[in-house]
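A, B, ... follow the sequence lines: proteins, then strands. Residue 1 opens every chain.
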Amino acid sequence: MSSLSYLAAATRAVAEEMRRDDRVWALGEDLGRGGVFGQYRGLVDEFGDARIADTPISEATIMGAAVGAALVGTRPIVEMRFADFALCAVDEMVNQAAKARFMFGGQARVPLVIRQPSGMWRSSAAQHSQSLEAWYTHIPGLVVAAPATPADNLGLLKAAVRCDDPVIYIEHKDLWALEGEVPDDGEDVLVPLGRARLARAGDDITVVTWSKMVGVAEQAAELAAAQGIAMEVIDLRTLWPWDQEAVFGSVVKTGRLLVTHEAVQVGGFGAEVAATVAEDLSDSLKAPVRRLGAPRTPISYAKPLEDQLRITPERIAAVAAEMLGD
Amino acid sequence: MSSLSYLAAATRAVAEEMRRDDRVWALGEDLGRGGVFGQYRGLVDEFGDARIADTPISEATIMGAAVGAALVGTRPIVEMRFADFALCAVDEMVNQAAKARFMFGGQARVPLVIRQPSGMWRSSAAQHSQSLEAWYTHIPGLVVAAPATPADNLGLLKAAVRCDDPVIYIEHKDLWALEGEVPDDGEDVLVPLGRARLARAGDDITVVTWSKMVGVAEQAAELAAAQGIAMEVIDLRTLWPWDQEAVFGSVVKTGRLLVTHEAVQVGGFGAEVAATVAEDLSDSLKAPVRRLGAPRTPISYAKPLEDQLRITPERIAAVAAEMLGD
Amino acid sequence: MPDRSHNIDPDRLLGLYKTMRRIRAFEEAAEAASLDGRVGGAVHLSIGQEAVAAGVCANLRPTDQITTTHRGHGHCIAKGTDPGAMMLELFGKEGGTCGGKGGSMHIADFDVGMLGANGVVAAGIPIAVGAAHGAKLLGEDRVVVCFFGDGAINRGPFLEGLNWAGIFALPILFVCEHNSYASTTRTEAVTAGPGATARAESLGIEAFEVDGNDVVAVDGLAGELTGRIRAGGGPFFVTARTYRLKGHTSVDPGAYRDEDEVSLQWAEDPMNRCEEELQRLGLAAAELETIGRQATEEMAAVAAAATAAPHPALIQAFTDVQDVGAPVWSALP
Amino acid sequence: MPDRSHNIDPDRLLGLYKTMRRIRAFEEAAEAASLDGRVGGAVHLSIGQEAVAAGVCANLRPTDQITTTHRGHGHCIAKGTDPGAMMLELFGKEGGTCGGKGGSMHIADFDVGMLGANGVVAAGIPIAVGAAHGAKLLGEDRVVVCFFGDGAINRGPFLEGLNWAGIFALPILFVCEHNSYASTTRTEAVTAGPGATARAESLGIEAFEVDGNDVVAVDGLAGELTGRIRAGGGPFFVTARTYRLKGHTSVDPGAYRDEDEVSLQWAEDPMNRCEEELQRLGLAAAELETIGRQATEEMAAVAAAATAAPHPALIQAFTDVQDVGAPVWSALP
Ligand SMILES: Cc1ncc(C[n+]2csc(CCOP(=O)(O)OP(=O)(O)O)c2C)c(N)n1
Ligand SMILES: Cc1ncc(C[n+]2csc(CCOP(=O)(O)OP(=O)(O)O)c2C)c(N)n1
Ligand SMILES: [Mg+2]
Ligand SMILES: [Mg+2]
């Protein structure tokens, strides 16, 4: 074990996978200088500019060319810079990458990792702050991952590179600097897609979340503990497929489910988790399911306004207390 | 009252609104020859080719130019031809149209109607059949409407044109030929955005749906009636904002909610409705909420495979019977 | 443009003619099946445009790759896809190129380097560019050909894809089939400036124009350019002027076009022009007729087989979606 | 290119100089506020590019409209936006152009025809085209100017937007500020072919190149082209060669650039060149200094006011989302 930042863990994942498999390459804007957040720093020196490819500002073609290159046997890592810019490449993601294997009757695979740095970060305002993971869960053919820790950004990214499906890979910009322990090497570094992580055990209420909100929920659990509430925090890690077994197991134990995410609540992935539990586990529920997501409003620039949209530990703890009949 | 098709009702709506307001215009591919489904037939003769504008195949700029033209005081009706092609214009819809008013602190409005013919229709396969309404409900700033009848395609479309917000307007291709009674004129023609319609009254179970599935649910209600189950069918008509009052009122009465839609179930708008009811109305529920949407798979071309994805009256009736403990 | 028409070997031209006839016969069979309801989805016929498909693909190896559009049957046949499997695909039947899951607009045949038609105008451009990029990365010696229409040059991916091919110096040949229409719209009316060739040149790509109804000319130019690509050159761009002799889809009567315009264009039918050339080279009319009849018979048989073929197993609606998180099928009530 | 530099009226040039100085002073104040943390979001400075903003906008009326990019402060000031409101916006404070909801990348000021900056590269192009389309539909006599960078010419909306402007013959002037970089990337390395001007020409748009550090030349060319647009001409296109003297954002040291390259470019600083021209026309150095000092003082005051200003009311996070289905605010715990 050694300590790495969430960002450096991703760099290591890319480097290791590129060493392991010649067909892996990365493409995006400014990658030769390390990428806009420095996630690719140093890689061009080791792998050269053909495999760490600087592209024009052409999101649609970054994505579309990656689809073509994947169809013929390479394994591209697509850097979208901000999740918001991936909106310039939706036809390529949704109509092409996600559907090619199926439409062509299984003749080809589209092994792609589509990195989409997401979330609120340093007053980036409405066009640089979105969390749109729910969209991709709705699209057949796509896998959706959203790591919360350095170890998972190492292990899930490696697993995503090895996966033969297109993977929407959502990194939270506010986590880049987060430090944490990561395994040194060996295959146990891999984190399987579709497996949740128990971030904190507790018997009173299950909080399901992912990405940056995992840390927030862990803080909420501390607050709740001070009020005598034992909160279980489940880090979903992968949204599609999501680990129903882990969530159901926990909810059967606690009888209470709160799903919380940074994304807008309306139409968010919390609705899927909450609806599924309400459908299948109603007999186990001691309180109605609850969701806590952002209001349906664009993200403001001014910090105090932006903060209005944040889910805080206090708010999570308050809802949990309510659910426990407080 | 007179009888009109769903398609002709929309043509009438556009014509009436263009007569009423000089600032209204329509743009899209092939509109001068009536549009790909004939929805614009005859309009160029009355309004000329500046207001029924033929565009190049440039979805991103059809949408983006409409945003610009809306910002300076016109009221564009954007024809996307197939909802699937709107995926070529997502930045323009989501990052620009939906956010401009907010980002600019309320200085401007973006009155747009974005017509997106959706759904499965005549073996159109994976890239011409999608139902992606859930996506747009997740985006602050957007209104989402999805009419099920000729009267609503007249009245909602007129209301959408008069609305100062960007409205995602989802017409179902399989409804074009549907005939129905529509009011002749006067303001009662307008259907307010955000108001559901009681398609059929019943006391045993509430079925919430929209677009083409309303007719399917009505057929299911007949089947259910034959089994002694009184199904209430609520046509949501507008997905954002959705008429919680109408849905809640019905569920309080029946104690059972089934949401059904043609779109993929995972991450579909049914999750939002089901989760909301599970959160807020659990005390009224006699059975757990249920959803019935498409499996998470792209849409096949071959008719028998395509049919595997369809929600039929039989399937709705079967789930309803299950929910009534049958 | 150099006159290449007089250098062609009669056997080569006969081969091109056979390909064209097979495409025409396929389209006619598909048209009939669409009009009588045996084929359900939209069918975009390439009748009148066969010389481009035949002339370009005659210069490709099985390992070379192409992408095409909604109007791609001709390219598939010319690249070597089995018309039987194609017809099964149009009919949505078992044994179709895509198992009946794709239909006319999504035919693909990776075994012969046919990387897929596309239902989204211009979407094949970045994909073809990526295939060429992949070839370069993998050090594989192939040429990629990207076919698209004159309507596609007004979508953003046209600029992005050509620019990309230029900066990465990719082994790709872009072929714009200029048939003057995009659905019901004259492309002239929605295209600013001199058009595709000039746009390609402004993106640093050496570009050529060719009479797309002259299969000899197309073959000659494609031969020259694929040769230069194999020698390390490329990308290149070709605008092939041709005409869509039928409507946009099989059910479109094309009433928005002048009758005179259409009959004038029938006079330029690449099939007739090829026949004239063959006769000039000494081929007997009877021989050509035989080729035509064989093609018609081949495609009639193919359509009959497709009509009789079974539908795909229902579980196919749920297969090949993805490895991780795949849907689970249970037969419906 | 005709030499326009010797015809300029000294008063006009002085006006341009004042605008440039005010832009420079604004950017310096914004840079300082960004570096010491008073401004939170990303700030893209236009230092070195002031002549383009000043020269173009000097030819616009209040009813004319512009769109700009992430690097748009200069265009806003030149178009008449109050720097006080702009600085409040950068600080995220009450009274900002957008009430603090937009920040540097989303400044807009519809009262002076400033239709918005944009955080998405090239996204302003279709919007500007639409504004010009709207003017034409409404019969309003205005010119729209669309500013964008040399990185934007590789995105699809560039082609689509220019093509659109051409076919609808719109009253729009496209201005590409060619500063040789897109973030850390030399645009040369990712741009195939001869560049923006040639691309515009291939789309049928009359296009010009101008030394973007020569405010007299920019003003002259913009005057000519806006005049031709007002007389019914257009669209037109201008590539203005200039340089981004600072990093991509306020916090970017720009280490990927050669020191020599940067110092060579400082020698071409449009501010100095304008001063030289003014002195040649007889203006005293002391007068120029006064103008510079006044600008610095104006912007220092503006930054001080912004520092002291209150934050927006919290409910603003929930206002102006939409009319139908608007979010409901309740103060958070
Ligand atoms: C992005 C997109 N927009 C619109 C369409 C609808 N559409 C299908 S074919 C076509 C015309 C294409 O014209 P062209 O590229 O010239 O090809 P042709 O049909 O002439 O072969 C259109 C508009 C589409 N499939 N994709
Ligand atoms: C669609 C999109 N892709 C990427 C970015 C990130 N980005 C912001 S500015 C920029 C460089 C833009 O270069 P250019 O257009 O030359 O403008 P300049 O910064 O030089 O003024 C990039 C890549 C973005 N904002 N939008
Ligand atoms: Mg065409
Ligand atoms: Mg630049």
Within a 6.0 Å radius of atom CD on D/Glu188, are there more than 12 heavy atoms belonging to other residues, nucleotides or ligands?
no

Is D/Asn118 close to chain A through its backbone or its side chain, or both, or neither, when contacts mean heavy atoms under 4.5 Å?
both

Write down the atom of A/Ala302, the atom of D/Gly92, and the distance for their closest heavy-atom approach.
CB-O, 3.3 Å

Of the non-hydrogen atoms in D/Phe91 and A/Tyr301, which two are nearest, and what is the gap between them?
C-CE2, 4.4 Å

Looking at every non-hydrogen atom in both residues, tell me the closest pair between A/Asp30 and D/Ala182 and how far apart they are.
OD1-O, 3.5 Å

Give a yes or no on whether D/Asp323 atom CG has more than 12 heavy-atom contacts from other residues, nucleotides or ligands under 6.0 Å away.
yes

Correct closest heavy-atom pair for D/Gln316 and A/Leu305 would be CB-CD1, 4.0 Å

Among D/Asn154, D/Val190, D/Val121, side-chain contact (heavy atoms from CB on, under 4.5 Å) partner for A/Ser58
D/Asn154

Tightest non-hydrogen contact, residues A/Pro304 and D/Leu314, listed as O-CD2, 3.8 Å

Has the side chain of A/Thr297 got a donor or acceptor atom that lies under 3.5 Å from a matching backbone atom of D/Val321?
no

Counting heavy-atom pairs under 4.5 Å with chain A, which one of D/Lys101, D/His248, D/Lys93 comes out on top?
D/Lys101

If every non-hydrogen atom of A/Ser300 is compared with every non-hydrogen atom of D/Ala317, which pair is closest and at what distance?
OG-CA, 3.9 Å

I need the residue from A/Glu306, A/Arg122, A/Arg33 with the largest number of non-hydrogen atom pairs under 4.5 Å to chain D.
A/Arg33

Pick whichever of A/Ala60, A/Gly32, A/Ser123 has the most heavy-atom pairs under 4.5 Å with chain D.
A/Ser123

By a 4.5 Å heavy-atom criterion (distance strictly below it), what part of A/Thr55 contacts chain D: side chain, backbone, both, or neither?
backbone

Who wins among D/Ala326, D/Ser104, D/Ala42, D/Pro312 for the most heavy-atom pairs under 4.5 Å with chain A?
D/Pro312

Mind checking whether A/Arg296 and D/Gln322 have side chains closer than 4.5 Å, heavy atoms only?
yes

Name the member of D/Ala152, D/Gly100, D/Cys98 that forms the most heavy-atom pairs with chain A at distances under 4.5 Å.
D/Gly100

Between D/Pro157, D/Gly40, D/Ser183, D/Gly99, which shows the greatest number of heavy-atom pairs under 4.5 Å with chain A?
D/Ser183

Toward chain A, the part of D/Ala313 with a non-hydrogen atom under 4.5 Å:
backbone

